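Worksheet: the structure to be examined is printed underneath.
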Number of protein chains: 2
Amino acid sequence: MKTSLEVLKQELLDNNIHLSHQRLKVLEYLIQNHNHPTVEQIFTDLHKDISTLSKTTVYNTLRVLEDAGLVRVITIEGTETRYDIEVENHGHFKCKSCGKIYDFEIDMNVLSSPDLEKFQISDKDVYFKGICPRCSQH
Amino acid sequence: MKTSLEVLKQELLDNNIHLSHQRLKVLEYLIQNHNHPTVEQIFTDLHKDISTLSKTTVYNTLRVLEDAGLVRVITIEGTETRYDIEVENHGHFKCKSCGKIYDFEIDMNVLSSPDLEKFQISDKDVYFKGICPRCSQH
DNA sequence: ATCAAGGTTGTAATGATTACAACTGTGCAG
DNA sequence: CTGCACAGTTGTAATCATTACAACCTTGAT
């Protein structure tokens with residue numbers, strides 16, 4: 001499994017990133033919660049276990065993980081930033097009614113454009129919005 | 001031409017939206033500036049002409065235009081919200097070096113996923129990031 | 001045992017966006 | 001003509017996520 005903790009820990013070590021207690025907890029949290037949590041959610045939940053945890057640390061850690069390419073930042077809406085363990089080939093759908101974000105499989109490799117011939121592309125994000133099945137059956 | 005002022009004015013009238021002076025100015029600005037301006041840029045530039053203009057009005061107007069489907073909101077980065085006259089079938093590329101946002105043509109209709117069979121999709125956004133040709137040559 | 005470097009913490013500052021209440025202008029009824 | 005109602009505009013204050021910063025803590029090497 002690609003998102004196993006052990007594999008990711010090794011990736012951090014390969015990137016010369018120190019595996020502190022807090023960082024591991026954030027990483028574990030993201031592995032166990034694929035529901036695209038916000039910083040607030042991550043902080044609130046982890047705070048129950050680590051009472052000394054600071055929100056700044058959560059921000060710092062997420063940036064470290066993002067820079068290492070382990071975590072994907074979802075900015076589908078300007079008002080909220082969400083985080084996701086990096087998984088290839090999927091887009092994000094946000095329901096305008098209930099607000100839930102769904103993953104969907106999509107082949108990013110198909111996504112290319114002659115306009116970008118000379119561009120170096122490092123990130124591809126696909127965001128859809130609309131109404132999810134649960135909300136549309138009202 | 002699809003983004004002509006006259007056509008868009010008619011669309012606003014069709015949506016029962018009053019064509020105030022300020023709203024027309026914002027609309028004109030977006031037609032003339034396809035460089036994905038922020039609220040700050042729109043406000044600063046228009047303020048030169050309309051000295052009484054309020055930033056709140058710019059926010060209000062952009063929301064009205066967005067709801068009417070004439071304007072597309074670009075949230076490629078959580079820190080900045082940008083606005084674009086609605087044009088079909090194009091994605092946005094942001095250069096991580098110079099920060100410029102480029103349009104590129106892409107066939108949104110190709111973008112679909114079996115996972116979304118029962119979803120009602122109303123918006124499709126494609127965001128790429130990387131290095132633009134101007135920044136990568138040296 | 002000591003020291004340096006990196007990591008963590010809490011508070012203060014920032015900055016974009018929204019809420020809100022007062023003001024303005026325009027069209028219509030009388 | 002006059003005044004009223006409504007939609008749009010304005011400016012300030014409030015909100016909220018994020019960042020800056022300085023002090024503190026941990027850990028590992030010498």
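Source: prediction; values computed, not measured. First the proteins, then the strands, lettered A, B, ... as listed; each starts at 1.
Aromatic rings of B:F104 and A:F119 (six-membered ring for Trp) have centroids beyond the 6.0 Å cut-off, not under it.
At its two ends the helix from C:dA1-D:dT30 to C:dG30-D:dC1 runs along axes set 0° apart, each axis drawn from five pairs and the angle rounded to 10°.
Per the geometry, CD belonging to A:E77 stands 19 Å off P belonging to C:dA16, to the nearest Å. Rounded to an integer number of Å, the gap from A:R23 CZ to C:dG6 P is 11 Å. Rounded to an integer number of Å, the gap from CG of B:L19 to P of C:dG25 is 19 Å. Distance, A:Q22 CD to C:dG6 C1': 12 Å, rounded to whole Å. Rounded to a whole Å, the CG atom of B:L53 is 17 Å from the P atom of C:dT24. Rounded to an integer number of Å, the gap from B:Q41 CD to C:dT17 P is 12 Å. What separates CD1 of B:I42 from P of C:dA16 is a distance of 14 Å, to the nearest Å. Separating the CZ atom of A:F43 from the P atom of C:dT9 is a distance of 9 Å, rounded to the nearest angstrom.
In summary, the side chains of B:H90 and B:D84 do present a donor paired with an acceptor at a separation below 3.5 Å, with no hydrogens or angles considered.
A perpendicular orientation is assigned to the rings of A:H36 and A:H92, their planes being inclined by more than 60° (bins at 30° and 60°).
A:T61 OG1 to A:L27 CG: the interatomic distance, rounded to the nearest 0.5 Å, is 9.5 Å. Distance check: A:L116 CG to A:L111 CG gives 10.5 Å after rounding to the nearest 0.5 Å.
Each of A:S136, A:P133, A:C132 was compared with A:C95 under the side-chain contact (heavy atoms from CB on, under 4.5 Å) criterion, and only A:C132 meets it.
Each of B:H18 and A:N60 has a nearest nucleotide on DNA chain D; the 5'-most of these lies closest to B:H18.
Regarding contacts with the backbone of D:dG8, every side-chain N or O of B:S20 stays at 4.0 angstrom or more from both OP1 and OP2. Taking 4.0 angstrom as the limit, B:T52 places a side-chain polar atom (N or O) nearer than this to OP1 or OP2 of D:dT10.
A salt bridge is defined here as a Lys NZ or Arg NE, NH1 or NH2 lying under 4.0 Å from an Asp or Glu carboxylate O, and B:D125 with B:R72 meets this definition.
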Provide a list of protein-nucleic acid N or O atom pairs under 3.5 angstrom, restricted to nucleotides 16-18 of chain D.
| unit_1 | atom_1 | unit_2 | atom_2 | d |
| --- | --- | --- | --- | --- |
| D:dT18 | OP1 | A:T81 | OG1 | 2.8 |
| D:dT18 | OP2 | A:Y59 | OH | 2.6 |
| D:dT18 | O5' | A:Y59 | OH | 3.3 |

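Heavy-atom neighbours of B:K96 NZ from other residues, nucleotides or ligands within 6.0 Å: above the threshold of 12.
Under the side-chain contact (heavy atoms from CB on, under 4.5 Å) criterion, B:T81 pairs with B:V73, B:T75, B:Y83, not counting sequence neighbours.
Put simply, the side chain of A:T56 and the base of C:dG10 share a donor and an acceptor less than 3.5 Å apart.
Which of D:dA7, C:dG10, D:dT9 sits closest to the side chain of A:S54 comes down to C:dG10.
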